[in-house]
Structures are given as C-alpha cells and as structure tokens.
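Encoded as structure tokens, the structure appears first; notes follow it.
Along the sequence shown, residues are numbered consecutively beginning with 1.
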Amino acid sequence: MVMFIDIHSHISDKKFDGEVDAVILRAKDAGVGKIVCVGCDMETSKKALAFAEKFENVYAAIGFHPNNVFEFDKAAEELLLGAKNNKKVVAIGEIGLDYYDFEYQISEVKEKFPALSNLTKEEFIEKQKEIFIKQLEIAKEISLPIMIHMRDATSDTLKILEENKSYVSNGGLMHCFSGSFETTMRVINLGLYFSIGGSITFKNSRIMPEVLSEIGISRITFETDCPYLCPEPFRGQRNEPKNIPLIAKRVSEITNTPLSEVERVSTENAYKVFPRLK
C-alpha cells in the first residue's frame, strides 16, 4: 500500500510532550504511514531511539547538529556506532554545517560551555567541519546513509562531500532543501536525494518551485521538520507529520504531476535512501 513518509521530524520536541501518541495517530489517518524522528544532540538522539523502539511506524536518525558540535564526545561516538545493529535507525543525522546567525549560535555555545568564552567564529566553523567529517566517517564505517543539514554553508558542505565521495557511498539526503538549480545538480551528482518541507507552500517560495519545474520529482522525499515550518494554510502554527499531504499537493501543482504519482515516487525514494525503512 502506498503511503506518505515524513522523512524528517522532531516529534521528540517538548512541544509534543504528552501528545506523541495522538500525533502519530493523526498522521496515520492523513495517510502518513511512517515517521523518522531525528536527533540533534545526545538527549534528542536518545529520545528518537526510544520512540523508534516504542512505536512500530516510527524510525530514528541520530546525530549531532552543527550547533551542538561541542557536545560531541566519546559517549556520542559510541552512541552513533551502536546504530550499526539497531534496525530501527535509518541514518546518521542530522549532521552538517550551519553558518546562519553566528552571533546567536556562539552565544548559545558559551552559555552551555563557559570554558569556551573566547570562542571565535573561525574556531566554531572549524569545529563544525571537524565533527561533520567525524560523523560522516562513522556513517561510512557502520554502512548507514546520512541526513545532512546545510544552512548558509553550501560551498563548504558540498566541498567536503565532493572531496570525500566515499563518505556518501551509502547514500543520503539533504534535509529541508532549498538550493539553486546548480546546487541541486551537484547534490544529484553526489548520488544524494533531497527532502521538501512546508516552506515550498509559502507565497514567497521561488527557488525550489523553479528547480522542481525543471527537474521533476525523481529525487524528492518529504519532511515536516516539525514542529517547525508548518505549511500553508496553517503557517505559523505547530507543524506535525499529518501535514505532509499539504506539501505533496503543492509539489503536485508545481510539477503538474498527479498527487498519487508524487506519493508513490516520494515513498519509493525514501526506501531507496533509507533501506531500513522497509
């Protein structure tokens, strides 16, 4: 049976406390049969693992977001390596680079780690690259695909991947993707897929609609990134997996493709990228 898959959610977020069962049920009623809960640090990665164990149709991706690279230690490495034999872990992620609003990011790091009170932008960038590469190496070692976060860091992210193509030998995707046509082709040339989120439904969305009009739906998957990026007509509200069909409907309109075909292709792609989802 064809169904939608939410390839990237944060149902472990505190905004869903006490409601996770209901959120999953609403998703199922809306035709979203499987949900990937994504970790960003030690706490959320462990919660993703717990949800994947508890709920049959929930899977986990575990990793350390670029904003949390100073939390990566030996225990973090062991957590990721342990995914090798856990069939409910579909990917190492979200991992990558994030150069957006360095002033805020660095202030957050300094608050968590007072010993880093003199941290500079350059040092933070180098640490992000170091831990990104380390997690790519782990993913390769345990033969899992990767889920990449790339925000205002396209050049450095793609440079790392293109110079180390073996890191993507197990496949993966760019999450919450909104790249230009050129960037999209570089991603495809790496053998990667990408996931489309609620922002494509926004009135000011221009780049991805143009890209999809050119390349079609052959490399897409869908995500909510919930509780963030709720699609129209509910923009600004708390997002949740049940809204995937709204995103798919917009892609159907943009590409002039029947919604049933968008559903089929996106789901098949999710299985190609993350075989453990099957």
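Salt-bridge annotation for Glu232 and Lys249: absent, with no side-chain N of the basic residue lying under 4.0 Å from a carboxylate O of the acidic one. Ion pairing between a basic and an acidic side chain is recognised when a charged N comes within 4.0 Å of a carboxylate O; Glu77 and Lys134 show such pairing. Ionic pairing of Lys112 and Glu108 is not present here: no N-O contact between side-chain nitrogen and carboxylate oxygen is shorter than 4.0 angstrom.
Looking at heavy atoms from C-beta onward, Val168 lies in side-chain contact with Leu161 at the 4.5 angstrom threshold. At a threshold of 4.5 Å between non-hydrogen side-chain atoms, the residues Ser12 and Phe51 count as touching. Ile5 is not listed as a side-chain neighbour of Phe222, based on a closest heavy-atom distance of 4.5 Å or more. Ile148 has its side chain within reach of Leu192: a pair of non-hydrogen atoms, C-beta onward, lies under 4.5 Å apart. Contact of the His8 side chain with the His10 side chain is registered, since non-hydrogen atoms from C-beta on lie closer than 4.5 Å. With contacts defined as side-chain heavy-atom distances shorter than 4.5 Å, the pair Ser9/Glu223 does not qualify. Annotation: side chain of Ile92 is in contact with side chain of Ile142 (closest heavy-atom distance under 4.5 Å). Within the 4.5 Å cutoff, no side-chain heavy atoms of Leu80 are placed close to those of Leu144.
Asp17 CG: more than 12 foreign heavy atoms inside a 6.0 Å radius. Within a 6.0 Å radius of CD in Glu268, more than 12 heavy atoms belonging to other residues, nucleotides or ligands are found. Environment of OH in Tyr228: sparse, with no more than 12 heavy atoms of neighbouring residues, nucleotides or ligands closer than 6.0 Å.
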Chi angles and distances behind the salt bridge (Lys or Arg N to Asp or Glu O under 4.0 Å) call for Glu123, Lys110:
CA-CA 13 Å; Glu123 290 169 336; Lys110 290 178 179 179; over 6 Å; no

Between Val36 and Leu277, does the side-chain contact (heavy atoms from CB on, under 4.5 Å) criterion hold? Intermediate values first, please.
CA-CA 9 Å; Val36 179; Leu277 275 174; 4.0 Å; yes

Should Glu253 and Arg250 be marked as a salt bridge (Lys or Arg N to Asp or Glu O under 4.0 Å) after you check the CA-CA gap, both sets of side-chain angles, and the distance that decides it?
CA-CA 5 Å; Glu253 294 167 351; Arg250 180 61 185 135; 3.3 Å; yes

Val32 vs Asn57, side-chain contact (heavy atoms from CB on, under 4.5 Å): CA-CA, chis, key distance, verdict:
CA-CA 10 Å; Val32 182; Asn57 64 328; over 6 Å; no

Apply side-chain contact (heavy atoms from CB on, under 4.5 Å) to Val273 and Ile7, showing your working.
CA-CA 10 Å; Val273 182; Ile7 207 71; over 6 Å; no

Intermediate values then yes/no, side-chain contact (heavy atoms from CB on, under 4.5 Å), Ser213 and Ile254
CA-CA 6 Å; Ser213 295; Ile254 291 168; 3.6 Å; yes

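Rounding to the nearest 0.5 Å gives a distance of 10.5 Å between CD1 of Ile24 and CZ of Phe16. In this structure, OG in Ser180 is found 9.0 Å from CZ in Arg186, a value given to the nearest 0.5 Å. How far SG of Cys37 is from CD1 of Ile62: 11.5 Å, rounded to the nearest 0.5 Å. Residue Phe274 holds its CZ atom at 9.0 Å from CD1 of Ile146, rounded to the nearest 0.5 Å. Rounding to the nearest 0.5 Å places NE2 of His65 at 11.5 Å from CD of Glu71. Rounding to the nearest 0.5 Å places OG1 of Thr221 at 12.0 Å from CD1 of Ile217.
Remark: the backbone N or O of Glu263 is paired with a side-chain donor or acceptor of Ser266 at under 3.5 angstrom. At distances below 3.5 Å, not a single donor-acceptor pair connects side-chain atoms of Gln128 with backbone N or O atoms of Val69. Remark: the backbone N or O of Leu97 is not paired with any side-chain donor or acceptor of Asp156 at under 3.5 angstrom. A donor-acceptor pair under 3.5 Å is formed between the side chain of Gln105 and the backbone N or O of Tyr100. Remark: the backbone N or O of Phe64 is not paired with any side-chain donor or acceptor of Asn68 at under 3.5 angstrom. The backbone N or O of Thr44 sits less than 3.5 Å from a side-chain atom of Asp41, completing a donor-acceptor pair. Distance alone, capped at 3.5 Å, is enough to place a donor-acceptor pair between the Arg276 side chain and the Val89 backbone. The backbone N or O of Thr255 sits less than 3.5 Å from a side-chain atom of Thr257, completing a donor-acceptor pair. Thr201 places a side-chain N or O within 3.5 Å of a backbone atom of Gly198 that can act as its donor or acceptor partner.
The only member of Asp29, Val23, Asp21 that meets side chain to side chain contact (heavy atoms under 4.5 Å, CB included) when paired with Leu25 is Asp29.
The aromatic rings of His149 and His175 sit tilted, their planes meeting at an angle between 30° and 60°. Ring orientation note: the planes of Phe113 and Phe70 are tilted relative to one another, at an angle of 30° to 60°.
Cation-pi contact between Lys88 and Tyr59: present, with separation from the ring centre below 6.0 Å and deviation from the ring axis of at most 45°. In this structure, Arg219 forms no cation-pi arrangement with Phe194, as its terminal cationic atom is not both closer than 6.0 Å to the ring centre and no more than 45° off the ring axis.
With hydrogens and angles left out, the side-chain atoms of Thr224 and Asn239 include no donor and acceptor closer than 3.5 Å. Counting only N and O atoms by type, the side chains of Ser166 and Ser169 include no donor and acceptor under 3.5 Å apart.
Taken together through direct or relayed side-chain contacts under 4.5 Å among Ile, Leu, Val, Met, Phe, Trp and Tyr, Leu229 and Ile220 form parts of separate hydrophobic clusters. At a threshold of 4.5 Å between side-chain heavy atoms, the hydrophobic network of Ile, Leu, Val, Met, Phe, Trp and Tyr places Val251 and Met208 in one connected group. Placement of Phe202 and Leu246 in two distinct hydrophobic clusters is found when ILVMFWY residues are connected by side-chain heavy-atom separations under 4.5 Å, directly or transitively.
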